[in-house]
K.L.:
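This is the structure I want to talk about, given as C-alpha cells.
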Protein chains: 2
Amino acid sequence: MNKNAKVSEKTLKKVQDAMDQLGYRPNAIAQSLASNRSNSVGILVSELHGPFYGSMLSGIEAELRGSQKHAIIAAGHSEEETEKEGIEFLISRRCDALILHVEAVSDEYLVDLVKNEVPIVLINRFIPAIADNCISLNNELGGYLAAKAILEQGHKEVAYISGPNWKMDASDRLKGHKKALQEFNVTYNPKLTYEGDYQEVGGSDGLEYLLNSKQPFTAVICANDEMASGAMTFAREHRISIPKELSIIGFDNIILAQYIYPKLTTIDYPIKQMGQMAARWILKNTFKQTDLEVKNVFEPKLITRDSILAH
Amino acid sequence: MNKNAKVSEKTLKKVQDAMDQLGYRPNAIAQSLASNRSNSVGILVSELHGPFYGSMLSGIEAELRGSQKHAIIAAGHSEEETEKEGIEFLISRRCDALILHVEAVSDEYLVDLVKNEVPIVLINRFIPAIADNCISLNNELGGYLAAKAILEQGHKEVAYISGPNWKMDASDRLKGHKKALQEFNVTYNPKLTYEGDYQEVGGSDGLEYLLNSKQPFTAVICANDEMASGAMTFAREHRISIPKELSIIGFDNIILAQYIYPKLTTIDYPIKQMGQMAARWILKNTFKQTDLEVKNVFEPKLITRDSILAH
DNA sequence: TTGTAAGCGTTATCAA
DNA sequence: TTGATAACGCTTACAA
C-alpha cells in the first residue's frame, strides 16, 4: 500500500480493491506511532493576525500540504515566556520539525534548541552559529535601497524613523541606511532619527518628534509600513502635503501600502516566499525530499508608488 | 499521572519524582492512539492571509491552547474542490473536531458532513437544519445598521455596493439595507445598486458604475470595507471629496478601516470573538468541558468614524 | 489503592 | 514475493 516494498502488480491491485470495498482509511495516528513520524510541522509566529504573518502562513501551508504534511500553529506574542511555552507545546505535540518566527527569545536559547532532537528553521532572524537554519532577509540591503531611492530624488536632509533598536532587523536596516547616506555624501544626523516601535503610533509620534526638533528635512524614511502610515496620518492632520512637501518611504510592502493615500513607495519583503522556503527546508532536511533547492537569504527590492517626489 | 484515578498522595509524589528524574515526557501520539483522541482541531479558512482570517485564527488558537488542544490549519481558497479536499485532509489527520469557514461548498454537503463522525462548527454561515453547529453574525441587522446610520444623517438618495449575490452574507446585508430604507420612507432604487466582489476593485468599479448611471446620490453604502476603500480611492482620483460631497460606510471593521483617510465609519464584525466561540463550542461539545457558555449568533454594531457627514 | 495485561492500528523485521 | 509477529508508548478494564 505504501509502495515501498516490492509487490507484484496483482497483489497491489488486490490490496487496493480491498481498500475500496472496505472503505479502509489508514489511521494517521497509528502510522505516526509505529513510524515515529507525526508528519506535522509546528509553526510559531508572533501574532496570528496582522498582514505579515498571514502571508507567511499562507506560503508555508501551501508547500506543506502539497506533501501531505500538516501545519500546527501557535502564537508567541513577542514575549519570551510565551514563545518558550509555545515551542514546548509544539515539541510536546511531537512535531517532526518547527518553523519559528520568534523575537523575544535569545540567540543562545535558539542555538541550544537547534542542537536538540527536533529540526528547526528560523524565519526573519539570522544567527551566524546556525546560519543554515535561518531564512532571512537582507535587511541591510533593504535599508540601503530605501535611502538610495530617496537620495536619488535629490533629497539631502532626510529623517529616519527606526524600529526598536534591540531588534536585529531594525538595526540592520539602519546600518544600510547609513551606508547609502555615506555613498551620497550626506552626513548622518542623529537628531533626525527617532526610535519607533514598528507600530502606527511610532510613526506619528516619530514625525511629531522630528518636526519639533527644528531640524529641516524634506523626506522621512520609515523602517516599516505601519510607521509610515502613522507618519502620513500625522502629516495630513498637520496639513503637510505628501509627497509635495514631504516624501515618505516605508518597508515591508504589506497590503496596506497600496490602500493608503498616497500609495506608499516601499521596500518589498517577500515573506510569503520565505515561508514557503522554510517549509521546503523542512521537506528537504527532515522529510528527505532531496531534490528541493533551498535559499537562505532573500533580497528586498524597491516598490515605486506615489509617496516620493524629487526635491 | 493523569489525575483521574484515585491515587494516594504518596504514590502521586513518587510518580512525579520519577518523572522528573527520568525527564519523562508523555508521548502525545501514543496517548492519542490508545485513547482515540488526537487533541487536535482542524481549521479550514478561505485564505490564511487577509485581515479577517488572521483575527479569527487568533481567537481560536488562544482558546484552544488554554486547554492543551492544538490547531491544524488548511486553506480552502473559496473553491469547492479545494474546500472539500481540505476537509478530507483534516479528517484524515484524525482531528477531533473541525472549524470551517467555507464558502463554495453547498449547504447539503455540510448538512451531510455534520451527520458524520467528526463534530463540525461552521463560522460565518447559517444553515437552519444545523443551526446549532453555526456561529454566525446577524448580517441583516448589520445591513440595517449601516443604512440607518446614513439615513439618520438626512441622506435620501443612497447607493449600495453589494457583495456577490450568491453569498448568503451579502444577500442578508442587502435585506437589512432595504428594511432600513423602508423604515425611513426612502424607496429602494435598483439602479443605485451594484453587485461587487468584496474586493477593492469591486468598490472602484462600483462607484464608477453608479456615477455613470446618472442617478443622483449623496451616500454610498458598501457591503464590506475593502470595497469601501476601493470606492474611496476612486472618489479621490475623480476629485470627489469624502465625506463632504459623498458619505461612505463600510462593513467588517477590518484593521484597514482605521488606516485609510478619512477613517472609515463601518459596522463591526466581531470575528475574533466568533473564532473564540467556535473553539469553545468544541471544547464544550467534543471535549466535554460542560461549564462553558456558547453563543451562536453575534450582533454587529456601528463604529462611527469620519467618512459620513450629515446631508 | 495498586499491579497487570490486553488492546489501539500501524511499521518493520524475519522467516518462508 | 508473501505471511507472521514483535514492537511503538500509551489507556483502560480488571484483578489483587
Side-chain angles (χ1 to χ4, degrees), chain A residues 1-42 64 67-70 72 88-98 116-119 282-283 286-290, chain B residues 1-42 67-70 72 88-98 116-119 282-283 285-290:
Chain A
M1 193 188 98
N2 298 330
K3 43 190 91 235
N4 41 7
K6 315 125 215 328
V7 189
S8 69
E9 292 264 330
K10 215 194 284 180
T11 347
L12 179 66
K13 183 152 176 12
K14 235 161 61 182
V15 170
Q16 283 180 330
D17 286 352
M19 281 174 55
D20 289 350
Q21 263 177 44
L22 302 171
Y24 171 82
R25 309 268 223 95
N27 180 322
I29 305 236
Q31 286 177 317
S32 293
L33 181 60
S35 64
N36 201 25
R37 279 231 163 290
S38 65
N39 292 308
S40 68
V41 354
L64 247 32
S67 296
Q68 296 288 306
K69 312 297 174 206
H70 63 265
I72 298 180
E88 269 306 301
F89 178 74
L90 293 172
I91 292 180
S92 80
R93 252 43 216 180
R94 298 265 150 174
C95 294
D96 291 329
L98 261 38
N116 270 347
E117 194 80 7
V118 10
I282 286 173
L283 257 18
T286 303
F287 297 110
K288 304 304 174 200
Q289 299 186 196
T290 43
Chain B
M1 193 189 99
N2 299 330
K3 43 189 93 238
N4 41 6
K6 315 122 215 328
V7 188
S8 69
E9 291 265 331
K10 211 195 285 180
T11 348
L12 179 67
K13 185 157 174 11
K14 234 162 62 181
V15 170
Q16 283 181 330
D17 286 352
M19 279 174 55
D20 289 350
Q21 263 177 45
L22 302 171
Y24 171 81
R25 308 265 223 101
N27 180 323
I29 305 240
Q31 286 177 316
S32 293
L33 183 60
S35 64
N36 200 26
R37 278 232 164 287
S38 64
N39 292 308
S40 68
V41 355
S67 295
Q68 296 288 305
K69 311 299 174 205
H70 63 265
I72 299 182
E88 270 305 301
F89 178 75
L90 293 172
I91 292 180
S92 80
R93 253 42 216 179
R94 299 265 150 172
C95 295
D96 291 328
L98 261 37
N116 270 346
E117 194 78 8
V118 10
I282 287 174
L283 255 21
N285 291 285
T286 303
F287 296 110
K288 305 301 172 202
Q289 298 186 197
T290 43

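Labels below follow one simple rule: chain letters A, B, ... track the order of the sequence lines, proteins then strands, and each chain is numbered from 1. Because the structure is predicted, anything quoted here is derived from the model rather than measured.
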K.L.:
On DNA chain C, check which nucleotide each of B:Ser35 and B:Leu12 is closest to and give me the residue with the more 5' one.
P.N.:
B:Leu12
K.L.:
Expressed as a whole number of angstroms, how long is the span from A:Asn27:CG to D:dC10:P?
P.N.:
17 Å
K.L.:
With a 4.0 Å cut-off on heavy atoms, is A:Arg25 in touch with a base, just the backbone sugar-phosphate, or nothing at all?
P.N.:
sugar-phosphate
K.L.:
Which nucleotide wins on minimum distance to the side chain of B:Ala30, given the candidates C:dT11, D:dT11, D:dG9?
P.N.:
D:dG9
K.L.:
Which whole-number value in Å describes the distance from B:Asn36 CG to D:dA13 C1'?
P.N.:
16 Å
K.L.:
CZ of B:Arg94 versus C1' of C:dT10: gap in Å, rounded?
P.N.:
11 Å
K.L.:
Check the distance between D:dA7's C1' and A:Arg37's CZ and give it to me in whole angstrom.
P.N.:
18 Å
K.L.:
Hey, does A:Gln31 have a side-chain heavy atom less than 4.5 Å from the side chain of A:Pro26?
P.N.:
yes
K.L.:
Given 3.5 Å as the limit, does a donor-acceptor pair link the side chain of B:Ser38 with the main chain of B:Arg94, or not?
P.N.:
yes
K.L.:
Between D:dG9 atom P and B:Tyr24 atom OH, what is the distance in whole Å?
P.N.:
10 Å
K.L.:
Using modelled atom types and a 3.5 Å cut-off, is there a donor and acceptor pairing between side-chain atoms of A:Asp96 and backbone atoms of A:Val41?
P.N.:
no
K.L.:
Could you state the CD1-P distance from B:Ile29 to C:dT11, rounded to the nearest angstrom?
P.N.:
13 Å
K.L.:
Is B:Ile91 close to B:Glu117 at the side-chain level, that is, under 4.5 Å between some pair of heavy atoms?
P.N.:
no
K.L.:
Find the distance B:Leu33:CG to D:dT12:P and express it as a whole number of Å.
P.N.:
12 Å
K.L.:
Let me know the distance between NZ of A:Lys14 and C1' of D:dT1, rounded to the nearest Å.
P.N.:
11 Å
